[in-house]
Amino acid sequence: MKTFARALCGAVSMIAVTAAAPALAEPKAEVLHYWTSGGEAKAVQALQEAFAARGGEWVDAPVAGGGGDAQAAVLRARVLAGDPPAAVQIKGPNIQEWAEAGALGDLTAVATAQDWDKVLPEAIQNIVKYEGKYVAVPVNVHRVDWIWANPEVLAKVGAEVPTTWEEFNETADKLQAAGIIPLAHGGQPWQDATVFETVVLGIGGTDFYRKALVELDMDALGSDTMIAVFDQMRKMRGYVDPDFPGRDWNLATAMVMRGEAAMQIMGDWAKGEFAAAGKVPGVDYVCASTPSDNGYLLNSDSFAMFNVSGDDNVEGQAVLAELILGTEFQETFNLFKGSIPARTDVPRAEFDDCAIKSMDDMVAAAEGGTLLGSMAHEIAQAGAVRGAFIDVATAHFNSDMSSQDAVDQLVKAIKLAQ
Ligand code: GAL
């Protein structure tokens, strides 16, 4: 990705996206994103409406396909054609790489005007700054390591949402014996990787997760602990229904909602689906962090402003950058999206218990050194390394590959990807 982006953008210097001064032109923005499910679409609509209220002309450029891999290909093609969208929903190392290639605008002016340094957690600042300058505006914090469960279904086997992986397996075995699908899952590589990283976190622990998925420590990647991770992944494969291959993540969430399955392991964009369906947390569904030693797998969506020409586009970028981190919008958007605000000073009153738990757990994890970037969702890793993890996790999940073979393949794939 690095060489690709650099080759594309050459030495284009970072263009300053000024704070929304007296309008030079009617603000306009073509926005590339992949938020097309029920909850996601409502969140995007909130942004569109807020932009329109500022006189903005929103040009919607959605790319279906959860997890963003399809969108990434579209973005590369657009930049290759010398026609990047004004604003793009990208994350983590991808922001750094596009910034390094000189493709992104400099948001210092609006960041200074709104004092982003004061209201953004350090973990988020590190994602959206390049060489000390803000090059993207964060819109949320999503937590990945969640179990979404239907309490009525669990009650059928006298169970509650599991708090250890042993309990998860015992509960799943009871559900299966009762003819109930234990785990609703969509068989797509990024979803397999989402389950995989929560199992790494839970079976290996936060230190092991950091060594293996963040630091790419070869001893950790080839360890007996990673064997135990793949042993658990083999059990997880036994808990999904025969129709899981290719299923979209939000259709798996709907299975839990309808009581066709007991649980789903997915980031809290799944909460956006429950919210869109009018479901009440603690009544219609329960949220619980996947079992771990106080880990928190962080994902955060941002909008990067690509270098574009035209006063209307530049004005549109400035309005979006100012709008997205506004306190009111941060509340509106994240209530729909299922995430929590990127800003730390948004009132909590409107947020549900799951969101409050996420806010509190994130602070505790940051203080306790157990706040970790999601690999599956492009915070801890991106590009070829993330692809190597995903390839091995999904190959193992969709075959009868042994845990030892999976570990051997993982070590080889990560070595090759670096
Ligand atoms: C994640 C993204 C979330 C959500 C999810 C499913 O990578 O950060 O905002 O959209 O994919 O598409």
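We count ligands from 1, going down the list as the structure has it; atoms in each ligand are counted the same way. None of the values given here were measured: they were computed from a predicted structure.
- Residue contacts with ligand 1 for E40 involve side-chain atoms from C-beta outward but no N, CA, C or O (heavy atoms, distance under 4.0 Å).
- Proximity to G66 (heavy-atom distance under 4.0 Å) selects the following atoms of ligand 1: 12 (O).
- The local environment of CG in D115 is crowded, with over 12 non-hydrogen atoms from other residues, nucleotides or ligands closer than 6.0 Å.
- Classified by interplanar angle (parallel below 30°, tilted 30° to 60°, perpendicular above 60°), the ring pair W35/F333 is tilted.
- Ligand 1 places these atoms under 4.0 Å from at least one heavy atom of K91: 1 (C), 2 (C), 7 (O), 8 (O).
- Note: F230 and F196 meet the aromatic proximity criterion, with ring centroids under 6.0 Å apart.
- With a 6.0 Å radius and a threshold of 12 heavy atoms from other residues, nucleotides or ligands, D353 has its CG atom at or below the threshold.
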Identify each donor-acceptor pair in which a side-chain atom of residues 261-282 lies under 3.5 Å from a protein atom, sequence neighbours left out, and give them as a table.
unit_1 : atom_1 : unit_2 : atom_2 : d
Q264   : OE1    : T253   : N      : 3.4
Q264   : OE1    : T253   : OG1    : 2.8
Q264   : NE2    : W249   : O      : 3.2
D268   : OD1    : H142   : ND1    : 2.6
D268   : OD1    : R143   : N      : 3.1
D268   : OD2    : R143   : N      : 3.1
D268   : OD2    : W146   : NE1    : 3.0
K271   : NZ     : D352   : OD1    : 2.9
K271   : NZ     : D352   : OD2    : 2.7
E273   : OE2    : S37    : OG     : 2.7
E273   : OE2    : G39    : N      : 2.7

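- Between Q191, H377, K337, it is K337 that holds the heavy atom closest to atom 3 (C) of ligand 1.
- Checking only distances, Q89 never comes within under 3.5 Å of ligand 1, N or O to N or O.
- More than 12 heavy atoms of other residues, nucleotides or ligands sit less than 6.0 Å from atom CD of E215.
- In this structure, G67 is part of the shell of residues with a heavy atom less than 4.0 angstrom from ligand 1.
- For atom 8 (O) of ligand 1, the closest non-hydrogen atom on the protein side is D301 OD1, 2.6 Å.
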